[in-house]
Amino acid sequence: MPELPEVETIVRGLRDRVIDKKIINTELRYDKLFRDCSGKILDQESRDKFIKTIENKRITDLRRRGKYILFQLEDINIIVHLRMTGKFSSDEDVLNDKHTHLVFWFEDGTFLLYNDIRKFGTFQTALCSEDILKTSMSKLGPEPLGEDFTLEYLTAELKNTKKNIKAFLLTQEKIAGIGNIYADEVLFFAKVSPKRPGNQLSDKEIKSIHQGVIEKLRMGIEAGGASIRNYVNESGEKGNFQNLIKVYGKKGEKCQECETTFITETVAGRTSTWCPNCQK
DNA sequence: ACTGATCCCTGCCAGC
DNA sequence: TGCTGGCAGGGATCAG
C-alpha cells in the first residue's frame, strides 16, 4: 500500500517521464475514476468536459503532498490518491490489462497509464486554484520530512489529545503520509504501545516518536518503498523496505530484540502488531 | 473531542 | 473442483 515513501518513489521516477509531455488523448475506461474537488464522482457530462479541457495541455509539474500526487497541467490540476493498489505504468504489456482504467496518450507517442486492481484510487479534478483549497489534500498536516514537522509541533499536538498514538499517527490532518506499515514501525522504534493516549506520553517518548517518523520514512524512501502485497514503482520494480520491517504484519512472530511473541490487535480500526515487552 | 461502523472493490485463502 | 464467506486496507463520512 503506497504510503509516503512509496508515493515519493513513484513521483521521483515519473517526473522525467511525463513533465513537458503534451496530452493528445485521454482514454478513460472506468466511469467512477474522476471526482470533483469535494470527492464526488463526476457525471458523464462533467467527465467528457474535463477530458476535453485537458486535451492538448502539457504536464507542467508533478509533485507529492502526503500520499497525494499532484499533476499540474498548465492551469489545471489533477490530484491523485493511489489508496491501496493504484499504480502508474508505461508498460505496453499492461495497456490491455483488465485493471487499467485510464491512459494518457502523449504527443510524442508515449503514454502513461493508471492501473488499480481494487479501484479505490481517485483522480480529483481541480480546474482552478480555489478548487485545490476544497480538496482534502489541502487539509493535510505538515510533511514529516519537512521543516514544519518539529519536535515542538509534535509535542504540542500530542499533549493536547487523548487519542491513542496509533490513531494520531494515521491522522493525515496532523501528519501527512503515514499509513499502517510505517505507523507500526515507528512505534516499535520508539518503544511505545499503539494504545497509549497522546497526552500520557513522556517527553522522551515523544522525542523517540519524532525521530522514528523521520528515520523510518527516510529509510523507506532510500529502500524505494515497501513491496508488501503488490506494490511496484512506476517502472514495475519492487522496493526493499519490506526486508527492513521489524514488526508490521509479523503476527505470531517473535520480537528480534527480546524474543517475546508479538501481539496483533485492531487499534484505531487498523490491524496493529507490537511487542508487549519492548513497547510500553 | 473522539470512537466505531460503513462504504468503496477485488484477490486471496480457509473451510466445506 | 468449486463454491462461499470473511478479511484486508486508506480515508471520507456519519452516527453516537
Side-chain angles (χ1 to χ4, degrees), chain A residues 1-8 10 29-43 64-70 79-87 94 97-102 114-126 131-141 144 156-186 194-201 217 220 225-232 241-242 245 247-252 264-273:
Chain A
M1 312 117 258
E3 302 181 25
L4 187 152
E6 290 74 29
V7 179
E8 180 65 25
I10 290 164
R29 302 179 189 169
Y30 175 53
D31 289 347
K32 298 201 248 178
L33 185 64
F34 282 118
R35 318 260 179 147
D36 66 15
C37 48
S38 61
K40 201 170 141 263
I41 293 169
L42 295 190
D43 59 26
R64 179 192 61 76
R65 174 78 173 95
K67 299 177 202 171
Y68 290 91
I69 300 172
L70 181 67
I79 297 156
V80 178
H81 198 301
L82 304 172
R83 300 286 171 104
M84 306 288 300
T85 51
K87 292 174 188 65
V94 190
D97 185 273
K98 63 173 172 174
H99 303 302
T100 294
H101 307 306
L102 175 86
Y114 177 72
N115 183 285
D116 188 350
I117 294 171
R118 292 197 185 156
K119 296 181 172 171
F120 279 12
T122 54
F123 278 55
Q124 277 181 284
T125 62
D131 277 358
I132 293 181
L133 296 174
K134 295 179 205 156
T135 65
S136 37
M137 184 185 74
S138 62
K139 299 183 183 82
L140 291 176
E157 290 291 336
L158 286 174
K159 299 272 184 201
N160 201 28
T161 186
K162 289 180 193 164
K163 238 188 210 179
N164 64 53
I165 182 63
K166 171 87 183 232
F168 178 88
L169 289 174
L170 294 174
T171 304
Q172 304 299 303
E173 291 76 18
K174 298 297 179 186
I175 311 177
I178 297 175
N180 210 21
I181 300 173
Y182 291 91
D184 275 8
E185 292 303 303
V186 166
K195 290 181 165 179
R196 290 274 300 286
N199 61 6
Q200 285 175 28
L201 295 166
L217 292 175
S227 291
I228 313 282
R229 296 192 170 78
N230 48 18
Y231 165 80
V232 288
F241 191 74
Q242 68 280 6
I245 280 174
V247 66
Y248 169 83
K250 298 198 181 287
K251 181 177 182 176
T264 297
E265 237 178 74
T266 300
V267 180
R270 291 280 168 265
T271 304
S272 304
T273 304

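Just so we're clear, the structure is a prediction, and the values are computed from it rather than from any experiment.
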J.: Show the distances under 3.5 angstrom between N or O atoms of the protein and N or O atoms of nucleotides 11-13 of chain C.
T.:
| from | atom 1 | to | atom 2 | distance (Å) |
| --- | --- | --- | --- | --- |
| C:dG11 | OP1 | A:Lys67 | NZ | 3.0 |
| C:dG11 | OP1 | A:His81 | NE2 | 3.1 |
| C:dG11 | OP2 | A:Lys67 | NZ | 2.5 |
| C:dG11 | OP2 | A:Gln172 | NE2 | 3.1 |
| C:dG11 | N7 | A:Arg270 | NH2 | 3.0 |
| C:dA12 | OP1 | A:Tyr68 | OH | 3.1 |
| C:dA12 | OP1 | A:Ser136 | OG | 3.0 |

J.: Return the 5'-most residue of the pair A:Phe120, A:Thr161 with respect to DNA chain B, ranking by each residue's nearest nucleotide.
T.: A:Thr161
J.: For A:Arg65, which of A:Ile79, A:Leu70, A:Leu140 qualifies under side chain to side chain contact (heavy atoms under 4.5 Å, CB included)?
T.: A:Leu140
J.: Would you say A:Phe241 and A:Pro5 make side-chain contact, with heavy atoms under 4.5 Å?
T.: no
J.: Report the residues that fulfil ring pair (Phe, Tyr, Trp, His ring centres under 6.0 Å) with A:His99, sequence neighbours left out, ordered by chain and then residue number.
T.: none
J.: Mind checking the OH-CG spacing from A:Tyr182 to A:Leu170? Nearest 0.5 Å is all I need.
T.: 14.0 Å
J.: At a heavy-atom distance below 4.0 Å, which nucleotide of DNA chain B is the first touched by chain A, and which is the last?
T.: B:dC2 to B:dG11
J.: Would one find more than 12 heavy atoms of other residues, nucleotides or ligands at under 6.0 Å from atom NZ of A:Lys159?
T.: yes
J.: Are A:Tyr30 and A:Tyr114 close enough that their ring centers fall under 6.0 Å?
T.: no
J.: Would you work out how much the helix from B:dC2-C:dG16 to B:dC16-C:dG2 bends between its ends, with each end axis defined by five base pairs, to 10 degrees?
T.: 50°
J.: For the pair made of CG in A:Asp184 and C1' in C:dG10, what is the distance, rounded to whole Å?
T.: 15 Å
J.: So, A:Lys251 and A:Thr271: side-chain donor and acceptor under 3.5 Å apart, yes or no?
T.: no
J.: Among residues at least two apart in sequence or on other chains, which ones pass side-chain hydrogen bond (donor to acceptor under 3.5 Å, both in side chains) with A:Asn199?
T.: none
J.: Please name all residues satisfying side-chain contact (heavy atoms from CB on, under 4.5 Å) with A:Arg35, sequence neighbours left out, ordered by chain then number.
T.: A:Ile41, A:Thr122, A:Gln124
J.: So what does A:Tyr30 touch, heavy atoms closer than 4.0 Å: a base, only the sugar-phosphate, or nothing?
T.: sugar-phosphate
J.: Can you tell me the distance, in whole Å, between the OH atom of A:Tyr182 and the P atom of C:dG10?
T.: 12 Å
J.: Can you list the residues that meet the side-chain hydrogen bond (donor to acceptor under 3.5 Å, both in side chains) rule with A:Gln242, with sequence neighbours excluded?
T.: none
J.: Taking side-chain contact (heavy atoms from CB on, under 4.5 Å) as the definition, give me every residue that meets it alongside A:Lys195, ordered by chain and number, with sequence neighbours left out.
T.: A:Ser193, A:Glu265, A:Val267, A:Trp274
J.: How would you list, by chain and number, every residue that makes a ring pair (Phe, Tyr, Trp, His ring centres under 6.0 Å) with A:Phe168, sequence neighbours excluded?
T.: none
J.: For A:Asp116, answer base if it contacts any base atom (sugar-phosphate contacts may also be present), sugar-phosphate if it contacts only those atoms, and nothing otherwise; contact means non-hydrogen atoms under 4.0 Å.
T.: nothing
J.: Are more than 12 heavy atoms, taken from residues, nucleotides or ligands other than A:Lys139, located less than 6.0 Å from that residue's NZ atom?
T.: yes
J.: Please tell me if A:Thr85 has a side-chain N or O lying less than 4.0 Å from either OP1 or OP2 of C:dG9.
T.: no
J.: Mind checking side-chain contact (heavy atoms from CB on, under 4.5 Å) for A:Lys98 and listing every partner two or more places apart, or none if nothing turns up?
T.: none
J.: Show your working on salt bridge (charged side-chain N to carboxylate O under 4.0 Å, His left out) between A:Asp116 and A:Lys119 and close with a plain yes or no.
T.: CA-CA 5 Å; A:Asp116 188 350; A:Lys119 296 181 172 171; over 6 Å; no
J.: Could I get a table of every N or O pair under 3.5 Å where one atom is in the protein and the other is in nucleotides 2-7 of chain C?
T.:
none

J.: Between N or O atoms, less than 3.5 Å apart, protein on one side and nucleotides 14-16 of chain C on the other: list the pairs.
T.:
none

J.: Any side-chain heavy atom of A:Pro194 sitting closer than 4.5 Å to one from A:Asn164?
T.: no
